*Asks:* 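Let me give you the structure first, and then I'll get to my questions.
This one's a predicted model, so the numbers in the text were calculated from it and none came from an experiment.
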Amino acid sequence: MNTPDFSRLQQSLEQGYSLEPRTILQEAWQRIYGAKLTMILAAIGVAGSWLVLNQLLLTVAGGEDNQWSASLLGLIISMVMAPMSGGLDMIGIYRAAEKPIRPSQIFDYFRFILPLAVASLLMGFITSLFLPLGAALGLPVAVSLLPTLILSMALMFVFPLILEKQLSPVQAIVVSLRLFARQWLALVVIHLLLVVLFMAAIFSFGVGLIWVAPLYMTVKGIIYRQVCGVGGDQQPGPTQDDHSPSANHFEA
């Protein structure tokens, strides 16, 4: 996976792609066996790190009268968590591509902390635009929140595109939005199905998360593999042009 392969990604952008929610979920269900513990430990590592950093934020900020410290520490937390969140995405992609995974993989991507942090800040800004706009227009919160949720889905490819394809933050955001627009309905359906599974897992006193959390990671990995391709591996599908663009001149 060290050498980015742009052939599948270029085809998806130019010719489109297809996704079958049922097939993706079935494959993901098969792939989580033998990997659940690894993926759960990785997810716990990310969640635990976030809780520790958030507690540090609350402790150091010392209340509402220290907004500058709170803002600065919030920025630091987002920078630290971005590589770890990207690590979770990459674990799902590695599993989808039949590559070995390990819980400590969430710590492998701190060398990308600058582009990931920039992307995280840009995505936060983009997705936060609609709530104040909706409030200004007098729209219900649920209506204002809908574009935010859809945009969050549309940006699902950003971190992997930076880590696996080595795109810049702006390139990754633009490409992710273009990819989502190609199959937005299928991607929304898949996310809705995962939300239903997460709700069922929560109602089972959290026991179901043993299966649902790895399933979610693997589903995202399979979607990325089918839409963008992984490394230099040959992916199923039509024959690709051997002359693939490099990250330096990739047309976002």
*Asks:* Take Lys165 and Gln171 through the side-chain contact (heavy atoms from CB on, under 4.5 Å) test and state the conclusion after the steps.
*Replies:* CA-CA 10 Å; Lys165 293 291 187 276; Gln171 283 179 321; over 6 Å; no
*Asks:* Within this structure, what is the CG-CD1 distance for the pair Asp89 and Ile91, rounded to the nearest 0.5 Å?
*Replies:* 9.5 Å
*Asks:* Are the side chain of Ser85 and the backbone N or O of Met81 linked by a donor-acceptor pair below 3.5 Å?
*Replies:* yes
*Asks:* Looking at CG of Leu145 and CD1 of Ile150, how far apart are the two atoms once the value is rounded to the nearest 0.5 Å?
*Replies:* 10.0 Å
*Asks:* Kindly compute the distance separating CZ (Phe112) from CD (Glu164), expressed to the nearest 0.5 Å.
*Replies:* 10.0 Å
*Asks:* Are the side chain of Arg182 and the backbone N or O of Leu13 linked by a donor-acceptor pair below 3.5 Å?
*Replies:* yes
*Asks:* Under the 3.5 angstrom rule, does the side chain of Ser12 hit a backbone N or O of Gly16 as a donor-acceptor pair?
*Replies:* no
*Asks:* Just verifying a value: how many Å separate Arg111 CZ and Leu163 CG, rounded to the nearest 0.5 Å?
*Replies:* 8.0 Å
*Asks:* Please indicate whether Tyr33 has more than 12 foreign heavy atoms, meaning atoms of other residues, nucleotides or ligands, lying under 6.0 Å from its OH.
*Replies:* yes
*Asks:* With respect to Tyr216, which candidate in Trp29, Phe198, Trp211 satisfies the ring pair (Phe, Tyr, Trp, His ring centres under 6.0 Å) definition?
*Replies:* Phe198
*Asks:* Can you check whether Ala172's main-chain N or O pairs, donor with acceptor, with Ser176's side chain at less than 3.5 Å?
*Replies:* no
*Asks:* Using the test side-chain hydrogen bond (donor to acceptor under 3.5 Å, both in side chains), find all partners of Ser104 that sit at least two apart in sequence or belong to another chain.
*Replies:* Arg102
*Asks:* Do Leu41 and Met39 belong together in a cluster built from hydrophobic side chains that touch within less than 4.5 Å?
*Replies:* no
*Asks:* According to a 4.5 Å side-chain heavy-atom criterion applied to Ile, Leu, Val, Met, Phe, Trp and Tyr, with indirect links allowed, do Val195 and Ile202 form part of one hydrophobic cluster?
*Replies:* no
*Asks:* Work out which heavy atom in Pro21 is nearest to a heavy atom in Ile190; give both atom names and the distance.
*Replies:* CB-CG1, 3.7 Å
*Asks:* For the side chain of Gln11 and the backbone of Arg8, is there at least one donor-acceptor N/O pair under 3.5 Å apart?
*Replies:* no
*Asks:* Check Pro83 against Tyr109 and note the closest heavy-atom contact, atom names and distance.
*Replies:* CB-O, 3.5 Å
*Asks:* What are the two closest non-hydrogen atoms of Ile162 and Ala119, and how far apart are they?
*Replies:* CD1-CB, 3.6 Å
*Asks:* Using only atom types and a distance under 3.5 Å, with no angle test, would you say the side chain of Gln183 pairs donor to acceptor with the backbone of Leu19?
*Replies:* no
*Asks:* Distance-only, no hydrogens or angles: does the Lys99 side chain make a donor-acceptor pair with backbone N or O of Ile93 under 3.5 Å?
*Replies:* no
*Asks:* Please report the interatomic distance CE(Met84) to CE(Met90), rounded to the nearest 0.5 Å.
*Replies:* 15.5 Å
*Asks:* Between atom CD1 of Ile32 and atom CD1 of Ile210, what is the distance when rounded to the nearest 0.5 Å?
*Replies:* 10.5 Å
*Asks:* Would Gln10 and Glu14 count as a side chain to side chain donor-acceptor pair (under 3.5 Å) here? Give the steps.
*Replies:* CA-CA 6 Å; Gln10 197 71 18; Glu14 294 176 354; 2.8 Å; yes
*Asks:* Other residues, nucleotides and ligands only: do more than 12 of their heavy atoms fall within 6.0 Å of CD on Glu20?
*Replies:* no
*Asks:* Has the side chain of Lys36 got a donor or acceptor atom that lies under 3.5 Å from a matching backbone atom of Leu215?
*Replies:* no
*Asks:* Parallel, tilted or perpendicular: which one describes the rings of Tyr224 and Phe157, with boundaries at 30° and 60°?
*Replies:* tilted
